[in-house]
Every structure is written in C-alpha cells, then in structure tokens.
Amino acid sequence: MKPMLKIAALLVFALALAGCSDSSNNRGQGLKISVDFTTFVQNEIQRTADDREPVNINNLEFSFNDQDNEQAFDNLF
C-alpha cells in the first residue's frame, strides 16, 4: 500500500504545482499604459457625442486609487 500512497501523494503534488503555474502568454500585447480608473470613467461620461469612436482599453492597466473614496463619482450625477 505504501507505493500506492507515494504515487497518490506525487500526483496530488504535481496537480497542485500545475495549478500554480502561469501559462498565460503576454507577448505581443504591447506596452501597458497606466490609467486612473476614476479619471477614465469621468472623461468617458463627459464624452456624449452619439457618433464618437469607441475607446480601445486593451492596452490600459487601470489603477484604482479611489477605492476608499465614497465621493469619487459624486460630481457625475
């Protein structure tokens, strides 16, 4: 029974290790631009033209600087 226990433990260890690996491929995505989320949302809401172009957010990395600020969006509405 000991060999079976060793094999089972090895299998569990291998699965746990595989679950921790990061297999995402970030190559080819270009340079990430850091943007404050609150400022981005406020600017987007002020842009009201019906024929405006959509904003490409693929290369944006949002920073959430106002997580504890309950009044962050009070001036919008």
Side-chain angles (χ1 to χ4, degrees):
M1 182 91 174
K2 282 194 175 194
M4 190 65 148
L5 184 60
K6 287 181 182 180
I7 292 173
L10 209 67
L11 180 63
V12 169
F13 178 73
L15 289 174
L17 188 61
C20 294
S21 70
D22 183 13
S23 62
S24 63
N25 185 357
N26 291 330
R27 284 180 265 147
Q29 290 185 355
L31 181 65
K32 294 282 185 180
I33 301 169
S34 181
V35 177
D36 179 56
F37 182 76
T38 304
T39 304
F40 178 82
V41 170
Q42 290 173 345
N43 288 339
E44 286 304 301
I45 289 179
Q46 289 176 0
R47 295 175 58 201
T48 58
D50 290 338
D51 60 347
R52 69 186 176 110
E53 292 292 319
V55 176
N56 184 355
I57 61 170
N58 291 338
N59 290 330
L60 299 181
E61 185 172 293
F62 291 105
S63 60
F64 298 93
N65 301 326
D66 286 323
Q67 288 181 346
D68 298 325
N69 182 3
E70 294 179 5
Q71 290 86 25
F73 298 105
D74 282 356
N75 62 348
L76 293 179
F77 305 105

Practice problem: Using a cut-off of 6.0 Å, state whether more than 12 heavy atoms not belonging to Ile57 lie near its atom CD1. | Solution: no
Anything under 30° is parallel, anything over 60° is perpendicular, the rest tilted; go ahead and classify Phe62 against Phe37.
perpendicular
side-chain hydrogen bond (donor to acceptor under 3.5 Å, both in side chains) pairs touching residues 46-57, sequence neighbours excluded, are Glu44-Arg47, Glu44-Arg52, Asn56-Asn58
Sorted by chain and residue number, the side chain to side chain donor-acceptor pair (under 3.5 Å) partners of Asn75 (sequence neighbours excluded) come out as Gln42
Taken in chain and number order and not counting sequence neighbours, the residues that satisfy side chain to side chain contact (heavy atoms under 4.5 Å, CB included) with Gln71 are Asn69, Asp74
*Could you go step by step and tell me if Ile45 and Phe73 meet the side chain to side chain contact (heavy atoms under 4.5 Å, CB included) rule?*
CA-CA 11 Å; Ile45 289 179; Phe73 298 105; over 6 Å; no
Nearest heavy-atom contact between Ala72 and Thr38 is O-CG2, 3.8 Å
Here the gap from Asp36 atom CG to Asp66 atom CG, rounded to the nearest 0.5 Å, amounts to 6.0 Å
